[in-house]
Amino acid sequence: MPTRKKFVAGNWKMNTTLTEAKTLGAAVAKGVGTDERVTTVVCPPFPWLTAVAEVLKGSSVAIGAQNVHFEKKGAFTGEVSPAMLIESGCTYAIIGHSERRHILGERESVINHKVHTALEEGLHVILCMGETLAERERNLQERVFQRQVFAACAGLTDEQFHRIVIAYEPVWAIGTGKVATPEQAQEAHKFVRLKLRQLYGDNIADATPIIYGGSVTPENTAGLMSQSDVDGALVGVASLKATSFLEIVKAAGAV
Ligand code: PGA
């Protein structure tokens, strides 16, 4: 049975003032210290990246962006390139979050382009996918995962795949307080891993962390993490308080 290190990322979304971001980042850095049992990442809004990177220095907490553009540079008003993120201290970028897919209309071809550019430029990618409520009600989730994995990862090399973390985030569970049961999460993660195995082989399927996102709290973390294919969590609301985020990191490390 392969052992994958647990991975917990906090997605702050469009929240925090600069002062709040620095305070939250500093508290997470203090709580985690140099402990490396769980890969821990925080993803503040773009304008706070350098300031938060500064307060994380000396800790093992990494920093990620919530989005990235698909081209390396040029006339793309309002966009942010992978190189800019790296220079701001980021090692990770979230790509394909459901809020970007559904609210901002991000298409699968764009997500694939972003994944390629981010990896080429040296970032690690937290690649989000998951079904909507309507898709689950029609029992279409496996078809959706298959399409999303295939579309987002098309053309990646093995070396690039080692810098991918997949986040399974059922859209109906995000920000709703309706967490997937550990069994529902396990079933979905197992299917995604099976698809990775069929498409990319055993090494990639066994090494790729598949984390769960959608209403993760300190209370439900241990149950989710006890499932063999659940390798961590992408945390929204509960990452905005250092105490609850740190409890999630701790619970993930204890499993
Ligand atoms: P939530 O968000 O924990 O607030 O449900 C998770 C996410 O969108 O990444």
Side-chain angles (χ1 to χ4, degrees), residues 6-16 20-21 24-25 28 38-46 48-49 52 61-68 90 92-106 111 114-115 118 123-133 135-136 141 144-145 148-149 152 164-182 184-185 188-189 192 209-225 227 230-252:
K6 288 283 191 289
F7 185 105
V8 175
N11 176 7
W12 298 358
K13 306 194 181 180
M14 199 169 71
N15 294 298
T16 68
E20 286 164 355
L24 178 54
V28 172
V38 176
T39 304
T40 308
V41 184
V42 291
C43 303
F46 283 141
W48 313 153
L49 287 172
V52 176
V61 181
I63 187 162
Q66 299 170 18
N67 181 32
V68 61
C90 291
Y92 289 87
I94 297 175
I95 295 180
H97 191 279
S98 71
E99 283 148 19
R100 298 205 59 86
R101 290 179 193 251
H102 299 294
I103 303 172
L104 294 149
E106 215 166 81
I111 292 166
K114 287 184 175 196
V115 170
L123 287 165
H124 292 242
V125 168
I126 302 171
L127 172 64
C128 301
M129 55 185 62
E131 80 287 5
T132 61
L133 182 59
E135 286 162 342
R136 180 158 282 263
Q141 61 273 21
V144 172
F145 306 153
Q148 290 177 336
V149 173
I164 293 224
V165 174
I166 292 182
Y168 165 59
E169 298 207 301
V171 179
W172 47 270
I174 296 178
T176 58
K178 276 192 221 148
V179 65
T181 64
Q184 281 174 321
H189 288 221
V192 171
I210 305 178
I211 65 175
Y212 168 82
S215 299
V216 174
T217 62
E219 293 71 34
N220 60 33
T221 300
L224 289 161
M225 299 302 132
Q227 302 296 316
V230 180
D231 303 315
L234 180 54
V235 188
V237 177
S239 72
L240 292 171
K241 274 208 178 117
T243 43
S244 55
F245 185 64
L246 289 166
E247 277 176 51
I248 291 169
V249 173
K250 198 169 155 203

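When a residue number appears, it is its place in the shown sequence, counting from 1. Whatever order the structure lists ligands and atoms in, that order sets their numbers, starting from 1.
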- Nearest non-hydrogen protein atom, atom 3 (O) of ligand 1: Gly236 N, 2.8 Å
- Note on the structure: Near Gly214 (heavy-atom distance under 4.0 Å), the atoms of ligand 1 are 5 (O)
- Hey, could you give me each pair passing side-chain hydrogen bond (donor to acceptor under 3.5 Å, both in side chains) that has a residue in residues 164-179? Not counting sequence neighbours. His97-Glu169, Glu131-Tyr168, Glu131-Trp172, Arg136-Tyr168
- Taking it one step at a time, do Leu49 and Ile63 satisfy side-chain contact (heavy atoms from CB on, under 4.5 Å)? CA-CA 8 Å; Leu49 287 172; Ile63 187 162; 4.0 Å; yes
- Residue and atom name of the nearest protein heavy atom (relative to atom 9 (O) of ligand 1), distance in Å to one decimal: Glu169 OE2, 2.7 Å
- Query: Hey, is Asn11 touching ligand 1 through its side chain, its backbone, both or neither, going by heavy atoms under 4.0 Å?
  - Reply: side chain
- Task: Measure the shortest side-chain to side-chain distance between Tyr92 and Thr39 over non-hydrogen atoms and say whether it is less than 4.5 angstrom.
- Result: yes
- When you measure from the side chain of Gln66 to the backbone N and O of Asn11, does any donor-acceptor pair fall under 3.5 Å? no
- Who are the side-chain contact (heavy atoms from CB on, under 4.5 Å) partners of Ala238, not counting sequence neighbours? Val235, Ser244, Ile248
- For atom NZ of Lys13, decide whether the heavy atoms of other residues, nucleotides or ligands shown that lie under 6.0 angstrom number more than 12. yes
- Going by distance only, is there an N or O of Val235 that falls short of 3.5 Å from an N or O of ligand 1? no
- Is any N or O atom of Gly213, backbone or side chain, closer than 3.5 Å to an N or O atom of ligand 1? no
- Item | N/O separation below 3.5 Å, Thr176 to ligand 1 | no
- Task: Before signing off on this row, confirm whether Ile174 and ligand 1 have an N or O atom pair separated by under 3.5 Å.
- Result: no
- atom 4 (O) of ligand 1: the protein heavy-atom neighbour that sits closest, reported with distance to 0.1 Å: Val237 N, 2.9 Å
- Look only at the side chain of Thr243 and the backbone of Lys241, and say whether a donor-acceptor pair between them is shorter than 3.5 Å. no
- Option from Leu123, Leu127, Val68 for which side-chain contact (heavy atoms from CB on, under 4.5 Å) with Val115 holds: Leu127
- Winner among Gln66, His97, Lys178 once heavy atoms are compared against atom 8 (O) of ligand 1: His97
- Query: Applying a 4.0 Å heavy-atom criterion (strictly less than), which segment of Ala173 is in contact with ligand 1: side chain, backbone, both, or neither?
  - Reply: backbone
- Item | For Gly175, the ligand 1 atoms whose distance to one of its heavy atoms is below 4.0 Å | 1 (P), 4 (O), 5 (O)
